[in-house]
Amino acid sequence: MTRLSAALRGLATAFAALLAVTALPAAAVPATAQARPEPKAPSDFVALRSVDATIIEEMRYVTAHNFVGERVDGYRQPLCILTRPAAEALHRAQTRLLRQGYSLKVYDCYRPQRAVDHFVRWAEDLDDQDMKAEFYPDVDKTRLFADGYIAEKSGHSRGSTVDLTLVRLPARPTRPYHPGQPLVPCFAPQDERFPDNSVDMGTGYDCFDTRSHTLDPRIQGVQRANRLLLKDTLEDAGLVNLPEEWWHFTYKPESHPDTYFDFPVSAKSLAGRR
């Protein structure tokens, strides 16, 4: 056999071996390399609109108008998802408020753990100060964890917590936020803050400031009355206010007090129900 023939035979053998490796059946691919299906919501989670379609939904984390400045991970659709008992409690409160000429408006409901992880990454990035002028003008970003504005776990991920406000009826449309537009402090007078069709609560939603404490003594007059109307109505329906945030309420007892879910906020997460 000539040296050329031996070399050609060696190349042919190597090529055949390469074909054998690349032709492995799909079953030989490690399971970790295959896409994992998205988690689904437990059977006791519902879309709020299926329980009460009159409650206004303005889901902020699907938009760029929030303290992160972009759509938050896990929010696929502008949809409020809650455990059924929490949704039914909001329906009871809404029925009472409609008779007084008001409607509830929700900003956030169930929040996947991946969204909370997004908040944590954002808080650790001290160079990202894009939304400071509106949402935390007087708070140094290095203090967000220590002061309790950001945490690695959120009650929202358990499904019975909601962020919301009051709207005087008939509801006016809310002007959309356009990234890059000038920002105004969340505690500025209402006619200077970003326009929201809600009643005046003294601060905007997600305002990282002690003025957001429900009973902050600096909030008086109509603003305090509005906060107390929201608080008293929701507490009568079984929801408990977080004292540090006038907009934050949790239905008690929680259906899942120790579980933090991570299914996406989308109708698909609720699909397949009977």
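Residue indices begin at 1 and follow the sequence shown.
Without hydrogens or angle criteria, K231 side chain to L215 main chain gives no donor-acceptor distance under 3.5 Å. Looking only at distances, a side-chain donor or acceptor of N66 sits under 3.5 Å from a matching main-chain atom of G69. Between the side chain of H118 and the main chain of D73, a donor-acceptor pair closer than 3.5 Å is present. Listed for the R84 side chain is no donor-acceptor partner under 3.5 Å among the backbone atoms of E88. Side chain of E152 to backbone of V120: no donor-acceptor contact under 3.5 angstrom is found. Checked by atom type and distance alone, the side chain of Q220 never pairs as donor or acceptor with a backbone atom of A225 at under 3.5 Å. Between the side chain of S50 and the main chain of A47, a donor-acceptor pair closer than 3.5 Å is present. Not a single donor-acceptor pair under 3.5 Å links the side chain of N226 to the backbone N or O of V199. Listed for the D262 side chain is a donor-acceptor partner under 3.5 Å among the backbone atoms of R114. The main-chain N or O of H91 is found under 3.5 Å from a side-chain atom of T95 such that the two form a donor-acceptor pair.
Using a 4.5 Å cut-off on side-chain heavy atoms (C-beta onward), P264 and P112 make no contact. Annotation: side chain of Y260 is in contact with side chain of R158 (closest heavy-atom distance under 4.5 Å). At a threshold of 4.5 Å between non-hydrogen side-chain atoms, the residues L239 and K252 do not count as touching. Between L234 and L164 the shortest side-chain heavy-atom distance falls below 4.5 Å. With a 4.5 Å cut-off on side-chain heavy atoms, W246 and L230 count as touching. Residues R227 and T203 form a side-chain contact, since some pair of their non-hydrogen atoms from C-beta on lies under 4.5 Å apart. Considering only heavy atoms from C-beta on, V116 comes within 4.5 Å of S157 through its side chain. Looking at Y251 and T83, their side chains never come closer than 4.5 Å, going by heavy atoms from C-beta outward.
In this structure, CD1 in I81 is found 8.5 Å from SG in C109, a value given to the nearest 0.5 Å. Going from atom OG of S154 over to atom NE2 of H248 covers 6.5 Å, rounded to the nearest 0.5 Å. How far CZ of F194 is from CD of Q190: 13.0 Å, rounded to the nearest 0.5 Å. Rounding to the nearest 0.5 angstrom, the gap separating the CZ atom in R121 from the CD atom in E124 is 9.5 Å. Here the CG atom belonging to L166 is positioned 8.5 Å from the OG atom belonging to S198, to the nearest 0.5 angstrom. The CG atom of D130 lies 9.5 Å from the CD atom of E70; values are rounded to the nearest 0.5 Å.
If you chain together hydrophobic residues whose side chains sit under 4.5 Å apart, F187 and L183 never meet in one group. When hydrophobic clusters are built by joining Ile, Leu, Val, Met, Phe, Trp and Tyr residues whose side-chain heavy atoms come closer than 4.5 Å, directly or via intermediates, L48 is grouped together with L270. Hydrophobic clustering keeps V167 apart from V106 (ILVMFWY residues linked when any side-chain heavy atoms are closer than 4.5 Å, directly or through intermediates). Two different hydrophobic clusters hold I56 and L90 under the rule that ILVMFWY side chains link at heavy-atom gaps under 4.5 Å. Side-chain heavy atoms closer than 4.5 Å link hydrophobic residues (I, L, V, M, F, W, Y) into clusters, and following such links, possibly through other members, connects L229 to I55.
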Test ring-ring contact (aromatic ring centres under 6.0 Å, His included) on Y110 and H156; report intermediate values, then the result.
CA-CA 5 Å; Y110 158 74; H156 282 273; 9.2 Å; no
Could you go through the side-chain hydrogen bond (donor to acceptor under 3.5 Å, both in side chains) check for T214 and N241 one step at a time?
CA-CA 8 Å; T214 307; N241 177 238; 2.7 Å; yes
Given F145 and W122, is the ring-ring contact (aromatic ring centres under 6.0 Å, His included) satisfied, shown in steps?
CA-CA 11 Å; F145 289 103; W122 167 82; 9.2 Å; no
Quick one, T54 with Q94, criterion side-chain hydrogen bond (donor to acceptor under 3.5 Å, both in side chains). Give me CA distance, side-chain angles, the key distance, then yes/no.
CA-CA 8 Å; T54 70; Q94 177 76 344; 3.1 Å; yes
Where do R168 and S103 land on the side-chain hydrogen bond (donor to acceptor under 3.5 Å, both in side chains) test, with the steps shown first?
CA-CA 7 Å; R168 186 75 184 181; S103 173; over 6 Å; no
Assess the residue pair V68 and F119 against the criterion (side-chain contact (heavy atoms from CB on, under 4.5 Å)); give the C-alpha distance rounded to whole Å, side-chain angles, the decisive distance to 0.1 Å, and a yes or no.
CA-CA 7 Å; V68 175; F119 292 166; 3.8 Å; yes
Let's go through R218 and T210 carefully: what are the C-alpha distance in whole Å and the side-chain angles of both, what is the deciding distance for side-chain contact (heavy atoms from CB on, under 4.5 Å) to 0.1 Å, and is it a yes or a no?
CA-CA 10 Å; R218 290 167 292 182; T210 55; 2.7 Å; yes
side-chain contact (heavy atoms from CB on, under 4.5 Å) assessment of V72 paired with V62
CA-CA 6 Å; V72 177; V62 183; over 6 Å; no
side-chain contact (heavy atoms from CB on, under 4.5 Å) between T63 and R71, intermediate numbers included
CA-CA 5 Å; T63 76; R71 179 193 288 252; over 6 Å; no
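Checked by atom type, the side-chain pair Y205/R60 shows no donor-acceptor distance below 3.5 Å. Between the side chains of H65 and E134, a donor-acceptor pair is found at a separation under 3.5 Å. Q223 and D200 share a donor-acceptor pair across their side chains, judged by distance under 3.5 Å alone. Remark: the S160 side chain and the T250 side chain contain no N/O donor-acceptor pair separated by less than 3.5 Å. Of the N and O atoms on the side chains of Y75 and D108, at least one donor lies less than 3.5 Å from an acceptor on the other residue.
For the pair T174 and P195, the tightest heavy-atom approach, listed with the atom from each and the gap, is CG2-O, 3.5 Å. Considering every non-hydrogen atom in both N197 and A171, the closest pair reads ND2-CB, 4.1 Å.
By the 6.0 Å contact criterion, CD on Q100 is enclosed, its count of non-hydrogen atoms from other residues, nucleotides or ligands being greater than 12.
A cation-pi arrangement, defined by a distance under 6.0 Å to the six-membered ring centre and an angle within 45 degrees of its axis, is absent between K105 and W247. By the 6.0 Å and 45° rule, K40 does not stack over the aromatic ring of F263. Cation-pi geometry between R111 and Y61 is not met at under 6.0 angstrom from the ring centre and within 45 degrees of the axis.
Taking 4.0 Å as the cut-off between side-chain N and carboxylate O, E38 and R76 count as a salt-bridged pair. A salt bridge between R92 and D236 is absent, with no side-chain N of the basic residue lying under 4.0 Å from a carboxylate O of the acidic one.
Taking the centre of each ring, F208 and F67 come in below the 6.0 Å mark.
Partners of Y107 according to the side-chain hydrogen bond (donor to acceptor under 3.5 Å, both in side chains) rule, which considers only residues two or more places apart in sequence or in another chain, are D196.
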